[in-house]
There are 2 protein chains.
Amino acid sequence: MKSECKICAIKSKAASKLSDEEIEELSFNCALVKFHKGDSLIKQGTFSTNVAYLRSGLAKIHIEGPYHEQIVRIVKAPTYLGLPTTFGDKINQYSVTVIEEAEVCFIDINAFRDLLNSNPDFSYEIMLELCSNELEVFHRCANRTQKQIRGKIADVILEFSNKIYNANSFAMPLTQEDIGNLVDSSRESISRVMTEFEKDGIIRFSGKKIEILNKKTLLLISANG
Amino acid sequence: MKSECKICAIKSKAASKLSDEEIEELSFNCALVKFHKGDSLIKQGTFSTNVAYLRSGLAKIHIEGPYHEQIVRIVKAPTYLGLPTTFGDKINQYSVTVIEEAEVCFIDINAFRDLLNSNPDFSYEIMLELCSNELEVFHRCANRTQKQIRGKIADVILEFSNKIYNANSFAMPLTQEDIGNLVDSSRESISRVMTEFEKDGIIRFSGKKIEILNKKTLLLISANG
DNA sequence: AATAAATTGTGATGTACCTCACATTTTATT
DNA sequence: AATAAAATGTGAGGTACATCACAATTTATT
């Protein structure tokens, strides 16, 4: 068995439900690949017979909107990507692009389906993941459409700080244009609000680096607009 | 066995994977209830130990947004509702309200989980449903945020015409305020655009009744903004 | 280190849509 | 049928944000 697979089995909640034999079987049907920032893991519209397991790194899920790219979710390892393709018509319904050095295992769909079939605990965990994805999109959608820019940007900063890096200071892997596509605003507006936040002493930033100086106010802004 | 359950087993793709014994077992753990327009099936924030199977009728899934209700999806029977609750913390993460006379079976969570555990075909179908839900939300989200009002309203009319009623003429079960909450616009704007569409000879409407006169133009509007 | 490419900052201008306000119509309730 | 409550139509006015345009900076490439 490939040694990497054993590690995954510890890190991924779903994979931890697999027996040694199942992991072994899986290890014959998956290939570990390294990706750089900007690389495309999954490309909307293309044919696929793999599930992608994001082993490490960060990626953005995005779809082609009627006018421009729309980033629907930021995903952090460990997570499975491309499940709708597995269960659907084998055409990728969204794109996934790496935003921070990533390791990915491409798992053959049939091997993956076999696991779902034979191991209810595994498939239960996958369902859990699907459900929580759905809820996340619900909430992101409501926030994105109802709040105004300041609130939306505060959300993004807090998301990266709390959910992704667990730090008050981090290097934002998204460009301002990306952030715009994530919260549905123009690049210029993002820039303006960021400088506004800096002037108000809420954050400090230079280049990619963002440091949160006043999380309390950020939370207030997130809540009120 | 309750005779209703046999009917469900035919209509629902997932339930059709169940054996007679499983259906029988299920029938002891579910209760058929009728709901009227406006009734709440699932209420966000409340505790639940049931999955709701929408047997007939129409409902809206909505969540409390930071400022106002947000309708995230319109669901048509047959479908399962409240799955994230089953797999999560048992607190409903969204509300579901009937918009057209509905019959609902409330299935005990444990009975439901037993089925998922014992019947991989069933759980596969459920996963399929979850995946397609996720994709639907992705796309709705992109449309909602990128298109302008005329396009968004055209989308809603087409959705009801094509996906829900399969007819060019139907009684819209949503109020204009609902439509606003679905596409993120004000009630007034919906009203204005609707009369605009009527003036342009695209639709005819009075009260709840909507008749599509020029679907081609509607599609164009949907595509271009 | 030099050059090109990508990303960001910031002003000026425009507009799509929201909000408020009230009249009118439709639907529910007694 | 009468009355109340919801839902809709429509004008006037304001605004948050987009868009355009170009300069300044940062990051990538040779």
Side-chain angles (χ1 to χ4, degrees), chain A residues 36-39 65-71 97 99-101 143-154 156-157 171-200 203-210 221 224-225, chain B residues 36-39 60 65-71 97 99-101 144-154 156-157 171-200 203-210 221 224-225:
Chain A
H36 301 293
K37 187 168 182 161
D39 289 347
Y67 286 99
H68 53 82
E69 280 295 294
Q70 171 117 19
I71 300 179
T97 302
I99 57 176
E100 215 165 64
E101 300 308 282
N143 284 336
R144 172 153 45 197
T145 47
Q146 287 186 30
K147 290 184 184 174
Q148 44 199 68
I149 284 202
R150 286 170 60 91
K152 296 195 281 186
I153 296 180
V156 172
I157 296 174
M172 167 57 70
L174 299 178
T175 65
Q176 291 185 357
E177 173 130 36
D178 277 336
I179 299 179
N181 291 339
L182 181 61
V183 304
D184 278 291
S185 298
S186 69
R187 192 219 98 213
E188 292 94 327
S189 295
I190 311 293
S191 174
R192 272 185 259 267
V193 171
M194 295 281 280
T195 23
E196 218 177 286
F197 281 179
E198 178 142 51
K199 269 187 200 137
D200 297 350
I203 61 170
R204 188 187 308 143
F205 78 104
S206 67
K208 304 272 97 184
K209 192 105 183 170
I210 295 182
I221 294 171
N224 295 318
Chain B
H36 301 292
K37 186 168 183 161
D39 290 346
K60 58 179 179 184
Y67 287 100
H68 53 81
E69 280 294 295
Q70 171 116 18
I71 300 179
T97 302
I99 57 175
E100 213 165 68
E101 299 308 286
R144 173 155 42 199
T145 47
Q146 288 186 29
K147 291 184 186 177
Q148 45 199 68
I149 286 202
R150 287 171 59 90
K152 296 195 282 187
I153 296 181
V156 172
I157 296 173
M172 168 56 70
L174 299 177
T175 65
Q176 290 186 356
E177 174 130 35
D178 277 336
I179 299 178
N181 291 338
L182 181 62
V183 303
D184 279 290
S185 299
S186 69
R187 192 221 98 212
E188 294 94 324
S189 295
I190 311 293
S191 176
R192 272 185 258 267
V193 172
M194 295 282 279
T195 24
E196 218 176 287
F197 280 180
E198 177 141 52
K199 268 188 201 135
D200 297 349
I203 60 168
R204 189 188 304 146
F205 78 104
S206 66
K208 304 272 98 184
K209 194 104 185 172
I210 295 182
I221 293 170
N224 294 319

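In what follows, chains are A, B, ... by sequence order, proteins preceding strands, each numbered from 1.
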Euclidean distance, B:S191 OG relative to B:E196 CD, rounded to 0.5 Å: 10.5 Å
Interatomic distance, A:E177 CD vs C:dA5 C1' [rounded to whole Å]: 14 Å
Atom-to-atom span, CG of A:L174 to C1' of D:dT27 - whole angstrom: 16 Å
Sugar-phosphate, base or nothing in reach of A:S191, heavy atoms under 4.0 Å: base
Spacing between B:H68 atom NE2 and C:dT19 atom P, to the nearest angstrom: 8 Å
From A:S185 atom OG to A:Q176 atom CD, the distance as rounded to the nearest 0.5 Å: 12.0 Å
Over all atoms of both residues, closest heavy-atom pair of A:I221 and A:A154: CG2-CB, 4.0 Å
Interatomic distance, A:E198 CD vs C:dT10 C1' [rounded to whole Å]: 15 Å
side-chain contact (heavy atoms from CB on, under 4.5 Å) evaluation trace for A:K37 with A:E100: CA-CA 5 Å; A:K37 187 168 182 161; A:E100 215 165 64; over 6 Å; no
Minimal non-hydrogen separation, B:K208 against B:L174, with atom names: NZ-O, 3.7 Å
Rounded interatomic separation in angstrom, taking NZ from A:K37 and P from C:dA6: 15 Å
Any side-chain heavy-atom pair of A:I190 and A:I153 under 4.5 Å: yes
Point-to-point distance, once rounded to the nearest 0.5 Å, from CD of B:E69 to NZ of B:K60: 7.0 Å
Distance, rounded to the nearest Å, where B:D178 contributes CG and D:dA7 contributes P: 8 Å
Protein-to-nucleotide contact annotation, 5' to 3' order, nucleotides 25-30 of chain C [B base; S sugar-phosphate only; - none; under 4.0 Å, heavy atom]: ------
Atom pair distance, as rounded to whole Å: CZ in B:F205 and P in D:dT8: 9 Å
With the criterion being N/O to N/O and under 3.5 Å, what pairs connect the protein with nucleotides 15-22 of chain D, and how long is each?
residue, atom, partner, partner atom, Å
D:dC17, OP1, A:I149, N, 3.0
D:dA18, OP1, A:S186, N, 3.1
D:dA18, OP2, A:S186, N, 3.4
D:dA18, OP2, A:S186, OG, 3.1
D:dA18, OP2, A:S189, OG, 2.4
D:dT19, O4, A:R192, NH2, 2.9
D:dC20, N4, A:E188, OE2, 3.3

Distance, rounded to the nearest Å, where A:Q176 contributes CD and D:dT27 contributes P: 12 Å
Residues B:I210, B:R204; criterion side-chain contact (heavy atoms from CB on, under 4.5 Å); working and verdict: CA-CA 6 Å; B:I210 295 182; B:R204 189 188 304 146; over 6 Å; no
Approximate separation, where rounding is to 0.5 Å, of A:E177 CD and A:R187 CZ: 7.5 Å
